[in-house]
2 protein chains.
Amino acid sequence: MRLTRAGEYAVRCVLYLAKQGRGVLVSRKEIAAQADIPGQFLAKIAQQLARQGIIEILQGASGGYRLLLAPERITLLEVVETVIGEIFLNDCVGRPESCPNSTVCAVHRVWCRTQQQLRNSLDQVTFADLASEELGTPPTPGACCAENPPPPEKDLPGPA
Amino acid sequence: MRLTRAGEYAVRCVLYLAKQGRGVLVSRKEIAAQADIPGQFLAKIAQQLARQGIIEILQGASGGYRLLLAPERITLLEVVETVIGEIFLNDCVGRPESCPNSTVCAVHRVWCRTQQQLRNSLDQVTFADLASEELGTPPTPGACCAENPPPPEKDLPGPA
DNA sequence: TGATACAAGATCAAAAAAGTCTTATTTACT
DNA sequence: AGTAAATAAGACTTTTTTGATCTTGTATCA
């Protein structure tokens, strides 16, 4: 139930490229070193990103990768799903046949709805947002998790 | 990036018990058969649910499981997290040390926020909702995924 | 034409998930 | 008390997924 390493690497890669600016050629070696990604692994991820049209790969000596699209047009969802496939919270959502009664199943509907919500959220964040936020604004102290505690624990009466 | 089978089974188990009514004793065998869960696997899952105080386990001949709480007080999130642990969309959220610059990282903040949103959504669905919806209301034709298509594909200009 | 850089698929290793097995304990019934 | 029926608990096994590397091949520049 979490992002895979490949997904994380893809995000790092695109973010690094976004920071350099669209169209700027960067060697795989540099990205791997700077973003802390195993070189060969990055190669495979990059190929997926290229197939998706997000980056362009230049071969040959002094080859490398560069961002093909404007960072404003690349969303977090896009990059993540390019690498890990469409996000499914539950098998039954992705493969209806795995759940014979999915049309009747109330739980099924909840998963569908929640999943869409999640995907929409990720689809609203662009790499322009991410890059600028990271270059400019300082940490925005406490804008993160600490301020968004998990839903309050239900006050269970405790095991009888 | 999806619910594990154990999580799915836990939901099925609790839902089945919720349909029978709170406090009604049901044998593990029956649950396993009706909800299509491997018996031994169910045993382990049930133990976790019991530890959490959601169900009660009765041993001995004519033993079985029963719902300890009112279905209105059990949320989908609770059941799921009881079995698979707290939901993390990304490693860096769960273990800040795995991402040295999490305070600066814009992506990190997005994951945090989105994760909270997801968890909140699941926390708002109770098993009373699920059970009643399944017993009463018919399929609500097309209230599901089909009506909630994935975020429109960004119109990528395609690989140059 | 050789050195450098990426491509692409095969392969390997480690981790997680899914399920099973075995032994022990608890309870009901006779 | 003794036996059968039910679950407990943890070890163990198998399968799948993930993460990463290796190898061979192709493209480009000097």
Side-chain angles (χ1 to χ4, degrees), chain A residues 1-13 17 25-33 35-52 55-66 68 80 82-92 94-95 98 159, chain B residues 1-13 17 25-33 35-52 55-66 68 80-91 94-95 98 159:
Chain A
M1 190 64 151
R2 83 172 88 83
L3 192 64
T4 64
R5 224 148 239 280
E8 166 76 19
Y9 290 159
V11 171
R12 283 193 213 167
C13 171
L17 287 174
L25 184 67
V26 184
S27 78
R28 186 180 72 185
K29 193 173 290 183
E30 175 180 338
I31 302 174
D36 194 31
I37 306 172
Q40 301 268 30
F41 203 1
L42 174 55
K44 287 215 291 198
I45 293 165
Q47 282 155 38
Q48 295 180 279
L49 293 172
R51 245 175 270 137
Q52 186 71 17
I55 68 171
E56 184 184 25
I57 299 179
L58 298 193
Q59 277 190 239
S62 79
Y65 305 150
R66 69 178 163 205
L68 206 54
V80 167
T82 291
V83 170
I84 70 176
E86 184 173 339
I87 292 175
F88 289 124
L89 292 182
N90 193 346
D91 231 33
C92 74
R95 298 182 304 173
S98 80
Chain B
M1 189 64 151
R2 84 173 88 84
L3 192 63
T4 65
R5 224 143 235 282
E8 167 74 19
Y9 290 158
V11 171
R12 284 193 212 167
C13 171
L17 287 174
L25 184 66
V26 185
S27 78
R28 185 181 72 186
K29 195 172 288 185
E30 176 181 337
I31 302 175
D36 194 32
I37 306 173
Q40 302 268 31
F41 203 0
L42 174 55
K44 288 213 291 196
I45 292 165
Q47 282 155 37
Q48 296 180 278
L49 293 172
R51 244 173 273 138
Q52 188 71 17
I55 70 172
E56 183 183 26
I57 300 179
L58 298 192
Q59 277 190 237
S62 81
Y65 305 150
R66 68 178 165 205
L68 206 54
V80 167
E81 292 201 335
T82 291
V83 169
I84 69 175
E86 184 174 340
I87 291 175
F88 290 124
L89 292 182
N90 192 345
D91 231 34
R95 299 182 304 171
S98 80

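In what follows, chains carry the letters A, B, and so on, assigned in the order in which the sequence lines appear, proteins first and then strands, with residues in each chain numbered from 1.
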Query raised in the report: Rounded to the Å, how far apart are Gln48(B) CD and dA17(C) C1'?
Result: 13 Å
Query raised in the report: Between dT26(C), dA20(D), dC22(D), which nucleotide has the shortest distance from any of its atoms to the side chain of Gln40(A)?
Result: dC22(D)
Requested in this report: Between dT21(D), dA28(C), dC29(D), spot the one nearest the side chain of Ser62(A), thanks.
Outcome: dC29(D)
Query raised in the report: Roughly how many Å is it from CZ in Phe41(A) to P in dC12(C), rounded to a whole number?
Result: 18 Å
Requested in this report: Calculate the interatomic distance between Arg51(B) atom CZ and dA8(D) atom C1'; express it in whole Å.
Outcome: 10 Å
Query raised in the report: If only side-chain N and O atoms of Gln47(B) are considered, is one of them under 4.0 Å from the OP1 or OP2 phosphate oxygen of dA8(D)?
Result: yes
Query - Under-4.0 Å side-chain N/O to phosphate OP1/OP2 contact, Thr4(A) with dG19(D) - result: yes
Report summary line: To the nearest angstrom, the CG-P distance between Leu25(B) and dA5(D) comes to 17 Å
Query raised in the report: If you look at every heavy atom in Ile45(B) and Ala10(B), which pair is closest and at what distance?
Result: CG2-CB, 3.7 Å
Requested in this report: Report the distance from atom CD1 of Ile45(B) to atom P of dT7(D), rounded to the nearest whole Å.
Outcome: 14 Å
Query - Full working for side-chain contact (heavy atoms from CB on, under 4.5 Å) between Thr4(B) and Ile84(B) - result: CA-CA 7 Å; Thr4(B) 65; Ile84(B) 69 175; 3.2 Å; yes
Query - Spacing of Gln59(A) atom CD relative to dC29(D) atom P, expressed in whole Å - result: 11 Å
Query raised in the report: Nearest-Å distance, CG (Leu58(B)) to P (dA28(C))?
Result: 9 Å
Query raised in the report: Of the nucleotides dA8(D), dG19(D), dA6(D), which one has an atom closest to the side chain of Ala6(A)?
Result: dG19(D)
**Report entry** OP1 or OP2 of dA8(D) under 4.0 Å from side-chain N/O of Tyr65(B)
**Finding:** yes
Query raised in the report: Which nucleotide in the list dT28(D), dG19(C), dT27(C) gets nearest to the side chain of Ala61(B)?
Result: dT27(C)
Query - For Leu49(A) against Cys13(A), the heavy-atom pair lying closest together - result: CD1-SG, 4.4 Å
Query - Distance below 4.0 Å between Arg5(A) side-chain N/O and dT18(D) OP1 or OP2 - result: no
Query raised in the report: Would you say dA5(C) has OP1 or OP2 under 4.0 Å from some side-chain N or O of Arg28(A)?
Result: no
Report summary line: When Gly60(A) and Gly64(B) are each assigned the nearest nucleotide of DNA chain D, the 5'-most assignment goes to Gly64(B)
Report task. Would you kindly check whether a donor in the side chain of Lys44(B) faces an acceptor in the base of dG10(D), or vice versa, at under 3.5 angstrom? Result -> no
Report summary line: With Arg66(A) as partner, the option from Ile55(A), Val26(A), Leu58(A) fulfilling side chain to side chain contact (heavy atoms under 4.5 Å, CB included) is Leu58(A)
**Report entry** Protein-nucleotide distance (Ile55(A), atom CD1; dC6(C), atom C1'), rounded to Å
**Finding:** 11 Å
Query - Distance-minimising heavy-atom pair for Arg12(A) and Ile37(A) - result: CB-CD1, 4.2 Å
